[in-house]
2 protein chains.
Amino acid sequence: MKTYSIGEVAKELNLTVYTLRYYDKEGLMPFVERTPSGTRLFKESDISALRIIECLKATAMPIKEIKSFIDWCSDGDSSLQQRYEMFMERKAIVEAQIEELQKTMEVIEHKCFYYKVALDAGTEDIHKKDKNEISLPN
Amino acid sequence: MKTYSIGEVAKELNLTVYTLRYYDKEGLMPFVERTPSGTRLFKESDISALRIIECLKATAMPIKEIKSFIDWCSDGDSSLQQRYEMFMERKAIVEAQIEELQKTMEVIEHKCFYYKVALDAGTEDIHKKDKNEISLPN
DNA sequence: ATAATCCTTATAGTTAACTCTAGGTCAAGT
DNA sequence: ACTTGACCTAGAGTTAACTATAAGGATTAT
């Protein structure tokens with residue numbers, strides 16, 4: 001069976017070897033086998049697992065929680081319910097993240113427009129409402 | 001003109017007073033005025049500015065870059081081009097973030113389905129392909 | 001055979017963004 | 001007058017996630 005070195009995997013996943021070893025130290029890669037001398041041998045399935053880890057990271061899941069998931073995977077079928085719930089929770093989180101980004105996008109686009117207008121006018125004053133504020137009599 | 005204390009602003013924006021003072025220390029709030037004794041007095045316009053800062057933070061913009069924007073604002077019309085370009089860049093970044101989250105969502109949804117099926121079957125083995133791998137003759 | 005280039009561990013350092021503590025000031029209520 | 005609670009600064013501490021260094025072992029290329 002074809003295996004890959006840590007350097008090859010790092011290149012493939014756009015990570016550094018430092019990062020991969022850090023993940024291993026944090027318990028995210030208990031499945032990776034070693035040569036008798038200690039060198040890690042990554043299988044295709046290990047790379048797939050790392051892709052899932054990267055996916056969970058993209059949902060802003062902390063590494064400690066990802067570790068729980070990895071531990072559950074090692075536990076086998078008894079943790080199926082937990083793993084299912086975890087992914088459902090992740091789904092809700094990503095939905096919320098997308099929604100927040102869409103709201104952010106609206107503000108950003110408004111600002112793009114605001115500055116386009118100001119730039120064309122040469123001054124931001126173009127946006128200053130001259131709403132004739134009542135000046136206090138004095 | 002109505003003003004607000006740091007505590008009121010913190011509550012309004014769902015931040016802590018520590019965070020607001022930290023932002024001030026980092027130069028994000030040069031516009032906030034003080035009483036003679038040093039207490040910060042936030043105006044409505046200051047709160048609006050903080051909402052923009054929160055919006056930029058939501059695009060994963062580092063505080064140092066947000067500071068540059070605040071500095072440009074103080075510079076007036078001469079920085080209009082830079083501010084316009086900054087928001088256009090932010091727009092591109094948010095688009096990319098949304099796209100990445102949508103790809104992430106596809107994977108997560110697939111996993112939700114995967115675990116739903118496994119849970120119904122009572123075992124993850126339901127997904128194991130029995131693709132008759134050619135066993136080596138020995 | 002030997003140099004280059006991998007790999008290993010253990011451990012220390014970095015960075016961003018808070019988060020808190022200590023020690024003090026100030027304004028309002030009893 | 002005095003206590004309470006919110007404000008202030010300076011500076012220290014925390015956390016997550018890397019990122020790098022040192023010292024050495026293993027593998028590959030000439």
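Proteins get letters first, then strands, A, B, ... in listed order; numbering begins at 1 in each. Heavy atoms only: backbone and side chains are in, while hydrogens, waters and symmetry mates are out.
- The interatomic distance linking B:Asp24 (CG) with C:dA17 (P) rounds to 16 Å, in whole Å.
- For A:Lys25 against C:dT9, no side-chain N or O and base N or O form a donor-acceptor pair under 3.5 Å.
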Report the C-alpha separation of B:Thr39 and B:Ile6 in whole Å, then their side-chain angles, then the decisive distance to 0.1 Å, and conclude whether the side-chain contact (heavy atoms from CB on, under 4.5 Å) test is met. CA-CA 9 Å; B:Thr39 297; B:Ile6 195 167; over 6 Å; no
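- Side-chain atoms of A:Lys57 and A:Tyr23 form a donor-acceptor pair, as typed in the model, at a separation below 3.5 Å.
- Side-chain contact check for A:Thr19 and A:Thr16: at least one donor-acceptor pair (N or O, by modelled atom type) lies under 3.5 Å.
- Because its NZ or CZ atom is not both nearer than 6.0 Å to the ring centre of B:Tyr22 and within 45° of the ring axis, B:Lys25 does not count as a cation-pi partner of that residue.
- Each of A:Thr19 and B:Phe42 lies near DNA chain D, and the nucleotide nearest B:Phe42 is the one positioned closer to the 5' end.
- Proximity of B:Lys11 to the phosphate of D:dA6: no side-chain N or O atom is located under 4.0 Å from OP1 or OP2.
- Contact between the side-chain N/O atoms of A:Arg21 and the OP1/OP2 oxygens of C:dT8 is found at a separation under 4.0 Å.
- Toward the 5' end of DNA chain C, the nearer of the two residues B:Ser37 and B:Pro62, judged by each one's closest nucleotide, is B:Pro62.
- Minimum atom distance to the side chain of B:Thr39 is reached by D:dC7, of the listed C:dA17, C:dT9, D:dC7.
- Applying the 4.0 Å criterion to OP1 and OP2 of C:dT21, one finds that B:Tyr18 has every side-chain N and O outside that range.
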